[in-house]
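We're numbering straight along the sequence, starting at 1.
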Amino acid sequence: MNTTNKTVIAAAVMLAVGLAGGWAISQWSASRGGTSEAGPGATVPAGAPPVAATTERKVLYWYDPMVPTQKFDKPGKSPFMDMQLVPRYADEVDAGAGVSVSPQAQQSLGLRVATAERRALSARVETLGTVLLNERDVSILQSRASGFVERVYARAPGDVIAAGAPIVDVLLPEWLAAQQEFLAVRATGDADLTAAARQRLVLLGIPAAQIEEVARTGKPRAIQTLTAPIGGLLAELMVRQGMTVGMGMNLARINGLATVWVEAAVPEAQAATATPGQIAEVRLPAMPGQVIRGKVTAVLPEANRESRTLRVRVELPNPGQRLRAGMFAHVALQGAPQGEAVTVPAEAVVRTGRRALVYLLDAPGRYRPVEVEVGPEIGDRIVIFRGVDAGQQVVASGQFLIDSEATLRGVTARASGVAAAAPAAEHHVNGTVSEAAGGGVITLDHDPVPALKWPAMTMPFKLARPDMASGLKAGDKVHFSFRQEGDESVITAIQKVPR
């Protein structure tokens with residue numbers, strides 16, 4: 001190979017190396033955002049686009065996703081979980097704009113919105129109930145004297161009997177002796193003694209019809225037939241043939257069937273709409289297409305602790321005894337019209353215990369929490385007195401997941417038309433460490449707090465930062481500052497007091 005060829009090959013190799021190096025430098029520069037530092041005398045080609053400045057996302061704080069309400073001012077390991085803290089960027093938090101949800105997330109969450117509507121409040125409550133016997137229409141058959149059961153008629157508990165139906169024949173020796181004495185005194189012809197003997201029969205409880213029969217026939221009745229005082233259901237039969245009965249002993253219990261009760265369960269949120277004397281419409285599956293009208297006779301004073309309902313008693317007529325105890329019933333209580341109000345689906349309201357929230361649809365995929373004042377529930381909707389206007393759209397399904405995301409991002413709800421509350425006042429107190437800090441909480445035995453009307457007591461306090469109480473141990477005297485944040489007492493500063 002001659003010298004000329006060697007020179008050409010060397011030049012080609014150097015050109016290839018230069019091109020590869022330039023390409024690598026350009027790629028590295030692009031990966032840094034397309035910027036480079038130009039030295040003195042560097043020139044920019046005419047018509048080249050301006051170079052973009054490098055931007056960095058601003059970190060507001062770091063947090064543990066498992067404890068999102070606790071914020072830290074620097075990265076590191078979480079004191080709560082075995083994981084690293086996560087940064088929260090400024091462009092992720094926009095308390096005024098609410099929470100943004102992508103279409104894919106909306107579909108996976110089953111997000112559904114509904115429109116707030118202005119509706120007439122009719123105070124109509126529809127609920128379920130059960131037919132019961134009227135416990136006010138009860139009669140007890142008792143023995144008015146001591147005696148012996150001679151016969152029990154063919155009766156059994158559950159039988160329906162008519163008024164005056166015989167129940168049992170008893171021998172009452174005291175009644176027999178009194179009747180014989182009455183007849184003997186009457187035979188003497190002494191009117192005063194006869195009247196006194198007759199009065200004694202009345203005081204013993206002998207029916208007037210039987211006294212007249214004894215006076216007419218002149219023969220005492222040894223066997224007394226006790227009959228049902230009213231017609232209805234023979235609920236109890238406590239006597240059998242051959243028994244000895246005493247005065248005042250219960251022999252049978254009879255429940256009338258002319259009227260029955262329907263006991264309905266009304267949710268306590270709608271209890272104000274149920275009042276005695278209110279008209280009720282009752283429908284029974286056993287009588288399809290038929291509506292029976294009755295009235296509310298009582299709203300019982302105790303609520304069911306498990307179902308959170310009140311018992312409302314409706315009295316219904318029972319002609320033909322078609323209504324039977326234990327039947328299932330649909331009950332509608334109709335109240336007077338109460339004007340109009342804005343309503344939303346009851347499931348759209350998120351209750352936190354201290355307030356009620358709904359999530360408004362501000363823009364496609366954008367939701368904002370609003371504090372509302374709720375009223376009574378009407379069917380499947382609830383009245384909103386303040387916070388939502390008719391025509392606005394609220395989240396009716398999936399709002400709890402949005403609420404969790406809003407809490408995570410620090411998005412807070414404010415009552416409509418109400419200014420933000422002033423910062424909570426700080427209180428400065430002396431105390432003694434009762435239990436060293438753990439999990440961001442420290443227990444202190446503190447002095448009285450007059451501003452809050454607190455006596456001296458031992459209680460846990462939440463730390464604004466978990467590292468605030470580092471080095472403190474049980475028995476240390478401290479001076480600390482705290483403020484009330486909702487139901488929590490948060491320490492903002494704490495220092496050990498030298499002994």
Less than 4.5 Å apart, side chain to side chain, heavy atoms only: is that true for [X] and [Y]?
X      : Y      : answer
Phe482 : Val449 : yes
Glu135 : Asn255 : yes
Leu257 : Leu233 : yes
Leu111 : Tyr367 : yes
Val388 : Val358 : yes
Ile254 : Ile161 : yes
Ile442 : Leu463 : yes
Leu284 : Leu323 : yes

Side chain to side chain donor-acceptor pair (under 3.5 Å) between Asn134 and Thr259, intermediate numbers included: CA-CA 6 Å; Asn134 187 344; Thr259 59; 2.7 Å; yes
Aromatic contact, Phe461 with His446 (centres under 6.0 Å):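 Yes, the ring of Phe461 comes within the 6.0 Å limit of the ring of His446, centre to centre.
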Output all residues satisfying side chain to side chain contact (heavy atoms under 4.5 Å, CB included) with [X], sequence neighbours left out; order by chain, then residue number.
X      : value
Leu128 : Phe328, His330
Asp467 : Arg465
Thr275 : Gln278
Met238 : Glu236, Asn250

Would you say [X]'s side chain and [Y]'s backbone share a donor-acceptor pair under 3.5 angstrom?
X      : Y      : result
Thr127 : Ala265 : yes
Arg253 : Ala235 : no
Glu426 : Arg483 : no

Test applied, side-chain contact (heavy atoms from CB on, under 4.5 Å); reference residue, Ile494; option that passes from Val433, Asp476, Val478: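 Only one of Val433, Asp476, Val478 forms a side-chain contact (heavy atoms from CB on, under 4.5 Å) with Ile494, namely Val478.
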Over 12 foreign heavy atoms within 6.0 Å of CZ, Arg136: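 Enclosed.
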Whether over 12 other heavy atoms sit under 6.0 Å from Gln290 CD: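 Above 12, so yes.
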Working for salt bridge (charged side-chain N to carboxylate O under 4.0 Å, His left out), residues Glu435 and Lys473: CA-CA 7 Å; Glu435 184 177 337; Lys473 60 182 184 299; over 6 Å; no
Nearest heavy-atom pair of [X] and [Y]: which atoms, and what distance?
X      : Y      : result
Lys77  : Leu85  : C-CG, 4.2 Å
Gln393 : Val113 : NE2-CG2, 4.1 Å
Gly431 : Phe480 : N-CE2, 4.2 Å
Gln484 : Trp454 : OE1-CH2, 3.5 Å
Leu333 : Ala274 : CD1-CB, 4.0 Å
Gly387 : Val370 : O-CG1, 3.5 Å

Rounded to the nearest 0.5 Å, how far apart are [atom1] of [X] and [atom2] of [Y]?
X      : Y      : atom1 : atom2 : value
Leu132 : Met327 : CG    : CE    : 12.5 Å
Ser78  : Phe72  : OG    : CZ    : 5.5 Å
Thr432 : Lys477 : OG1   : NZ    : 3.0 Å
Thr343 : Glu117 : OG1   : CD    : 6.0 Å
Asp362 : Gln392 : CG    : CD    : 8.5 Å
Ile384 : Glu373 : CD1   : CD    : 9.5 Å

Atom pairs and distances, side-chain donor-acceptor, residues 308-315, under 3.5 Å, sequence neighbours left out:
{"unit_1": "Arg308", "atom_1": "NE", "unit_2": "Glu268", "atom_2": "OE2", "d": "3.4"}
{"unit_1": "Arg308", "atom_1": "NH2", "unit_2": "Glu268", "atom_2": "OE1", "d": "3.4"}
{"unit_1": "Thr309", "atom_1": "OG1", "unit_2": "Ser307", "atom_2": "OG", "d": "2.8"}
{"unit_1": "Arg311", "atom_1": "NH1", "unit_2": "Glu263", "atom_2": "OE2", "d": "3.3"}

Pairs where residues 274-297 contributes a residue and the test salt bridge (Lys or Arg N to Asp or Glu O under 4.0 Å) is met, not counting sequence neighbours: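 Of all non-adjacent pairs touching residues 274-297, those that pass salt bridge (Lys or Arg N to Asp or Glu O under 4.0 Å) are Glu281-Arg283, Glu281-Arg293.
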Exercise: do Arg112 and Ser397 side chains pair donor with acceptor under 3.5 Å: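 Short answer, no.
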Criterion side-chain contact (heavy atoms from CB on, under 4.5 Å) on Met468 and Ile491, from CA distance to verdict: CA-CA 9 Å; Met468 293 176 61; Ile491 291 180; 3.9 Å; yes
Val349 vs Val394, side-chain contact (heavy atoms from CB on, under 4.5 Å): CA-CA, chis, key distance, verdict: CA-CA 9 Å; Val349 179; Val394 300; over 6 Å; no
Test side-chain contact (heavy atoms from CB on, under 4.5 Å) applied to Val262 and Thr130, step by step: CA-CA 5 Å; Val262 172; Thr130 305; over 6 Å; no
